[in-house]
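A quick note: this is a predicted structure, and the numbers were derived from the prediction, not measured.
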Amino acid sequence: METIIFITALFIFLICILLIIFLKTKSDFNNIFNNVFVSQEEINSYLSKKQDCIFRILNILENKLKIDQSIYKSIKVSLSKKLSSIDKDKTLEKEYNNILKISEDFPKLKNFKTYKEIINDIETINTHLVALRTFYNKYTTIYNKMIKTPIYFPFVKHKKLTLKKYYEEKVLNDTINF
């Protein structure tokens, strides 16, 4: 009789330990998953702000300087495509650099106060994006390792999760404008 009680108690103890491990594992996984998700949402928000700024510059080119649309039409077409946030990030950076090249050809553009403000806004956004990409990539690395680990397979199968892609790391310039 004592043996049965001992075995039952041991069995209950093992189940409790497994339950604690399961709950801790689930909690850890959910924290990492949430960090990836939240940082992705923040990145999307800043990318939308950057896109809005670029469109504002295009409006200045079109309305105030009366620049031929053919010069910047490709930028509008490029930005109007539906892209993943990683591709959108690359496209916005490319088109921002194109706008900077256009502004070199039109020195009047740099005289507009709104243009200068928009460029400063974009630089601030870029600073935030660098930090967010770093945060996202850090937790994506942990996330990708976790979903490959057998202990997390139940969560992965249940939520139908896949590996996440990384953002390209960008280095901050030495000058930061606040």
Side-chain angles (χ1 to χ4, degrees), residues 2-56 75 77-99 118-178:
E2 287 180 20
T3 307
I4 293 175
I5 292 173
F6 176 76
I7 292 173
T8 305
L10 184 61
F11 182 71
I12 291 172
F13 178 74
L14 290 175
I15 288 176
C16 288
I17 295 294
L18 289 174
L19 185 59
I20 290 169
I21 291 170
F22 176 78
L23 292 175
K24 173 77 170 108
T25 303
K26 183 178 179 188
S27 174
D28 291 347
F29 186 80
N30 284 336
N31 286 338
I32 298 300
F33 183 78
N34 287 336
N35 283 337
V36 170
F37 179 77
V38 168
S39 61
Q40 181 68 59
E41 291 299 311
E42 284 287 315
I43 288 170
N44 288 338
S45 171
Y46 277 100
L47 290 176
S48 292
K49 290 176 186 178
K50 187 173 182 176
Q51 183 171 349
D52 291 343
C53 288
I54 291 173
F55 278 124
R56 286 173 43 209
I75 295 173
V77 170
S78 178
L79 294 179
S80 65
K81 294 177 183 173
K82 181 78 173 152
L83 302 169
S84 71
S85 58
I86 291 174
D87 293 333
K88 185 176 184 179
D89 185 31
K90 291 175 187 174
T91 301
L92 285 170
E93 191 60 31
K94 179 183 126 208
E95 299 308 347
Y96 174 61
N97 289 330
N98 287 339
I99 284 178
I118 294 169
I119 292 299
N120 282 338
D121 288 348
I122 291 175
E123 291 302 322
T124 302
I125 289 167
N126 284 341
T127 302
H128 287 285
L129 283 170
V130 167
L132 287 166
R133 280 188 214 104
T134 302
F135 184 84
Y136 172 87
N137 286 344
K138 174 186 174 184
Y139 283 99
T140 297
T141 299
I142 296 168
Y143 166 86
N144 285 343
K145 286 179 183 176
M146 286 177 109
I147 68 171
K148 291 179 185 177
T149 307
I151 196 166
Y152 296 102
F153 284 170
F155 308 116
V156 173
K157 294 275 188 209
H158 175 70
K159 293 186 176 188
K160 298 178 183 167
L161 302 174
T162 59
L163 294 173
K164 299 262 183 203
K165 293 182 179 178
Y166 294 97
Y167 281 94
E168 289 182 22
E169 289 292 329
K170 305 237 179 356
V171 179
L172 281 174
N173 295 341
D174 291 329
T175 57
I176 299 175
N177 300 326
F178 288 104

Legend entry - Minimum side-chain heavy-atom gap D121-R56 below 4.5 Å: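 Counting from C-beta outward, D121 and R56 do come under 4.5 Å.
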Legend entry - Side chain proximity check, Y143 to L163, heavy atoms < 4.5 angstrom: no
With distance as the sole criterion, is a donor-acceptor pair present between the side chains of [X] and [Y] under 3.5 Å?
| X | Y | value |
| --- | --- | --- |
| Y96 | Q51 | no |
| D87 | S84 | yes |
| N120 | E123 | no |

Inset, instruction - Give, for atom NZ of K49 and atom OG1 of T124, the distance between the pair rounded to the nearest 0.5 Å. - result: 10.5 Å
Please give me the minimum heavy-atom distance between [X] and [Y], naming the atom from each residue.
| X | Y | answer |
| --- | --- | --- |
| I43 | L129 | O-CD2, 4.0 Å |
| I125 | Y46 | CG2-O, 3.5 Å |
| F29 | I147 | CE1-CG2, 3.7 Å |
| I122 | K50 | CG2-CE, 4.2 Å |
| K165 | Y136 | O-OH, 3.0 Å |
| S85 | L47 | O-CD1, 3.4 Å |

Legend entry - Step-by-step side-chain contact (heavy atoms from CB on, under 4.5 Å) determination, K88 to N44: CA-CA 9 Å; K88 185 176 184 179; N44 288 338; over 6 Å; no
What pairs of donor and acceptor atoms, side-chain ones from residues 4-26 against any protein atom, are under 3.5 angstrom apart with sequence neighbours left out?
residue, atom, partner, partner atom, Å
T8, OG1, I4, O, 2.7
K24, NZ, D28, OD1, 2.8
K24, NZ, D28, OD2, 3.2
T25, OG1, I21, O, 2.6

Legend entry - Full working for side-chain contact (heavy atoms from CB on, under 4.5 Å) between E95 and I99: CA-CA 6 Å; E95 299 308 347; I99 284 178; 5.7 Å; no
Inset, instruction - Please step through salt bridge (charged side-chain N to carboxylate O under 4.0 Å, His left out) for the pair D89 and R133, ending with a clear verdict. - result: CA-CA 10 Å; D89 185 31; R133 280 188 214 104; 2.8 Å; yes
Legend entry - cation_pi(K138, F135) dist<6.0 Å, angle<=45: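 The answer is no, since K138 fails at least one limit relative to F135.
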Legend entry - Geometric cation-pi criterion K164 and Y139, 6.0 Å radius, 45° cone: no
Legend entry - side-chain contact (heavy atoms from CB on, under 4.5 Å) between F33 and L161, worked out: CA-CA 10 Å; F33 183 78; L161 302 174; 3.7 Å; yes
Inset, instruction - Apply side-chain contact (heavy atoms from CB on, under 4.5 Å) to K145 and list each qualifying residue two or more places apart in sequence or on a separate chain. - result: T141
Inset, instruction - Might you confirm whether atom CZ of F55 has over 12 heavy atoms from other residues, nucleotides or ligands at distances under 6.0 Å? - result: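 Counting other residues, nucleotides and ligands, CZ of F55 exceeds 12 neighbours.
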